[in-house]
Amino acid sequence: MRNIKIIIEYDGAQYYGWQRQKCHQSIQQTLEEKIKLITKENVTVIGSGRTDTGVHAINQIAHFKMIGDMSEENLLHALNCVLPDDIVIKQLEDVHEAFHARFDVKSKKYIYQIWNGPSNTALHRRHCWYIRKALALDPMREAALFIKGAHDFSAFCGAGSKVKDYIRTVFSVCIDEDNHGRIIITITADGFLRHMVRNIVGTLVEVGKSKISPEQFKIILDSRDRTQAGMTAPAHGLFLAEVTY
């Protein structure tokens, strides 16, 4: 039995997230269907974690078990030939049988893109949250520093989460702006709660609009009360950028 690790890039706009759904097409289901088409084997593709409906990935990691002896190069080429254009396997390799894409994760990096300016963008509108009002980045950066380290992130956890522990450790957070007015928020942590990045971003935008102060952002974090935080930022601006093991 072979254990195949894959690195996947996808545009999540047309999918109901990563996880297999009963009535809607997901990334996981699409991969499993195409792998079966090529290998004639029923496989379960296990990802590093779930991405929500509309969320994208630059480097999602997954693995699956198979028996066939097709070479890595041929399998990679064959799968990319049958996958839809919005899903690409960037890398494929045989790995140790004990490797697990989900359980072995050490950290993940997400990026969130905001298009900030007097007009929207035609080319990047599907991958950025458009905000017309100019955002004050320095207060946003000041507020973002409060999430570094280990905290209870209940205030930024979406409804319906069934986790037992709301404590996560944020290793780094960065807010940058390019020459076109695109703001890129990057957060790396040992794990993320449901909608955690999008809820953090939505609240940081409140800081950028001067609706709340950096100090009030910290009070919201410490409150562990989701109703105190800002809106959930739209899914289409979020990317799973990197997974480390």
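- Atoms CG and OG1, on Asn116 and Thr121 in that order, are 13.0 Å from each other to the nearest 0.5 Å.
- For the pair Ile184/Tyr112, no side-chain contact is recorded, criterion being any heavy-atom separation below 4.5 Å from C-beta on.
- For the atom pair CG (Asp152) and CZ (Arg168), the distance works out to 9.5 Å, reported to the nearest 0.5 Å.
- Here the side chains of Arg224 and Tyr166 are not in contact, with every heavy-atom distance at 4.5 Å or above.
- With His195 contributing its side chain and Phe156 its backbone, the two residues share no donor-acceptor pair below 3.5 Å.
- Ring geometry for His63 versus Phe99: interplanar angle over 60°, hence perpendicular rather than tilted (30 to 60°).
- Of all non-hydrogen atoms in Ser48 and Tyr245, the two that sit nearest each other are CB-OH, 3.6 Å.
- Between Ala229 and Ala155, the shortest heavy-atom distance links the atoms CB-O, 3.5 Å.
- The shortest distance between side-chain heavy atoms of Ser172 and Thr186 does not fall below 4.5 Å.
- The distance between the ring centers of Tyr110 and Phe192 falls below 6.0 angstrom.
- The closest side-chain heavy-atom distance from Trp115 to His180 is below 4.5 Å.
- Cluster membership for Phe239 and Ile114, using ILVMFWY side-chain heavy atoms within less than 4.5 angstrom, is not shared.
- Looking at every heavy atom in both residues, Lys108 comes nearest to Gly49 through NZ-CA, 3.4 Å.
- In this structure, CD in Gln25 is found 11.0 Å from CD in Gln14, a value given to the nearest 0.5 Å.
- Surrounding NZ of Lys5 are more than 12 heavy atoms belonging to other residues, nucleotides or ligands, all under 6.0 Å away.
- Minimum interatomic distance between Lys34 and Val82 (heavy atoms only, all atoms of both residues): CE-O, 3.4 Å.
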* Show the numbers, then the answer: is there a side chain to side chain contact (heavy atoms under 4.5 Å, CB included) between Lys65 and Glu41? => CA-CA 9 Å; Lys65 302 289 183 69; Glu41 299 180 39; over 6 Å; no
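- No side-chain donor-acceptor contact under 3.5 Å links Arg226 to the backbone of Ser154.
- Side-chain contact between Arg198 and Asp52 is present, with heavy atoms from C-beta onward closer than 4.5 Å.
- Looking at Leu31 and Leu83, their side chains come closer than 4.5 Å, going by heavy atoms from C-beta outward.
- At least one side-chain heavy atom of Ile131 sits under 4.5 Å from a side-chain heavy atom of Lys209.
- Not one N or O on the side chain of Glu206 forms a donor-acceptor pair closer than 3.5 Å with the backbone of Thr203.
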* Asked: Run the side chain to side chain contact (heavy atoms under 4.5 Å, CB included) check on Met140 and Ile185 step by step: do they pass?
  -> CA-CA 10 Å; Met140 292 174 65; Ile185 301 173; 4.3 Å; yes
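- Side-chain N/O atoms of Ser26 and Arg50 include no donor and acceptor closer than 3.5 Å.
- Taking CD from Glu9 and CD from Gln60, the interatomic distance works out to 12.0 Å, rounded to the nearest 0.5 Å.
- One hydrophobic cluster, built from ILVMFWY side chains closer than 4.5 Å, cannot hold both Ile200 and Ile111; they sit in different ones.
- With hydrogens and angles ignored, the 3.5 Å screen pairs no side-chain donor or acceptor of His151 with any backbone N or O of Phe153.
- Residues Thr30 and Tyr10 have side chains that never bring a donor and an acceptor to within less than 3.5 angstrom of each other.
- Residue Lys148 holds its NZ atom at 10.5 Å from OG1 of Thr188, rounded to the nearest 0.5 Å.
- Nearest heavy atoms, Ala144 versus Leu204: N-CD2, 3.9 Å.
- Judged by distance alone, with hydrogens and angles left aside, the side-chain atoms of Gln28 form a donor-acceptor pair with the main-chain N or O of Arg20 at under 3.5 Å.
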Extract all donor-acceptor atom pairs below 3.5 Å that involve side chains of residues 66-75 and protein atoms in other chains or at least two apart in sequence.
{"from": "Ser71", "atom 1": "OG", "to": "Asn74", "atom 2": "N", "distance (Å)": "3.1"}
{"from": "Ser71", "atom 1": "OG", "to": "Asn74", "atom 2": "ND2", "distance (Å)": "3.2"}
{"from": "Glu72", "atom 1": "OE2", "to": "Asp94", "atom 2": "N", "distance (Å)": "2.9"}

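- Residue Asp165 qualifies as enclosed at atom CG: its count of foreign heavy atoms under 6.0 Å is above 12.
- For the side-chain hydrogen bond (donor to acceptor under 3.5 Å, both in side chains) test with Tyr15, the passing option among Thr53, Asp86, Thr51 is Asp86; the others fail.
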* To do: Under the side chain to side chain contact (heavy atoms under 4.5 Å, CB included) rule, what do Ile175 and Ile183 come out as? Steps first, then yes or no, please.
  => CA-CA 7 Å; Ile175 301 177; Ile183 298 168; 3.8 Å; yes
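- In plain terms, the two heavy atoms of Glu32 and Thr44 that are nearest each other are OE2-CA, 3.3 Å.
- Taken together through direct or relayed side-chain contacts under 4.5 Å among Ile, Leu, Val, Met, Phe, Trp and Tyr, Ile7 and Val45 form parts of separate hydrophobic clusters.
- Residues Ile219 and Ile212 are members of separate hydrophobic clusters, defined by side-chain heavy-atom contacts under 4.5 angstrom among Ile, Leu, Val, Met, Phe, Trp and Tyr.
- Residues Glu242 and Ile58 form no side-chain contact, since every pair of their non-hydrogen atoms from C-beta on lies 4.5 Å or further apart.
- Side-chain contact, Gln29 with Glu33: a donor N or O sits under 3.5 Å from an acceptor N or O.
- Between the side chain of Asn120 and the backbone N or O of Tyr130 there is no donor-acceptor pair closer than 3.5 Å.
- Of the possible polar contacts, one joining the His236 side chain to the Cys128 backbone as a donor-acceptor pair under 3.5 Å is found.
- Dense packing is recorded around NE2 of His124, with more than 12 heavy atoms of other residues, nucleotides or ligands lying under 6.0 Å away.
- In the hydrophobic cluster analysis, where Ile, Leu, Val, Met, Phe, Trp and Tyr join through side-chain heavy atoms closer than 4.5 angstrom, Val243 is grouped apart from Ile46.
- Between the side chain of Asn80 and the backbone N or O of Ile89 there is at least one donor-acceptor pair closer than 3.5 Å.
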* **Residue pair Phe64, Thr39: steps toward the side chain to side chain contact (heavy atoms under 4.5 Å, CB included) verdict** => CA-CA 12 Å; Phe64 63 92; Thr39 67; 5.6 Å; no
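- Side-chain atoms of Asn199 and Thr232 include a donor-acceptor pair closer than 3.5 Å.
- Put simply, NZ on Lys109 and SG on Cys174 are 9.5 Å apart, with the number rounded to the nearest 0.5 Å.
- Panel note: side chain Asn59, backbone Ala241; a donor-acceptor pair is recorded below 3.5 Å.
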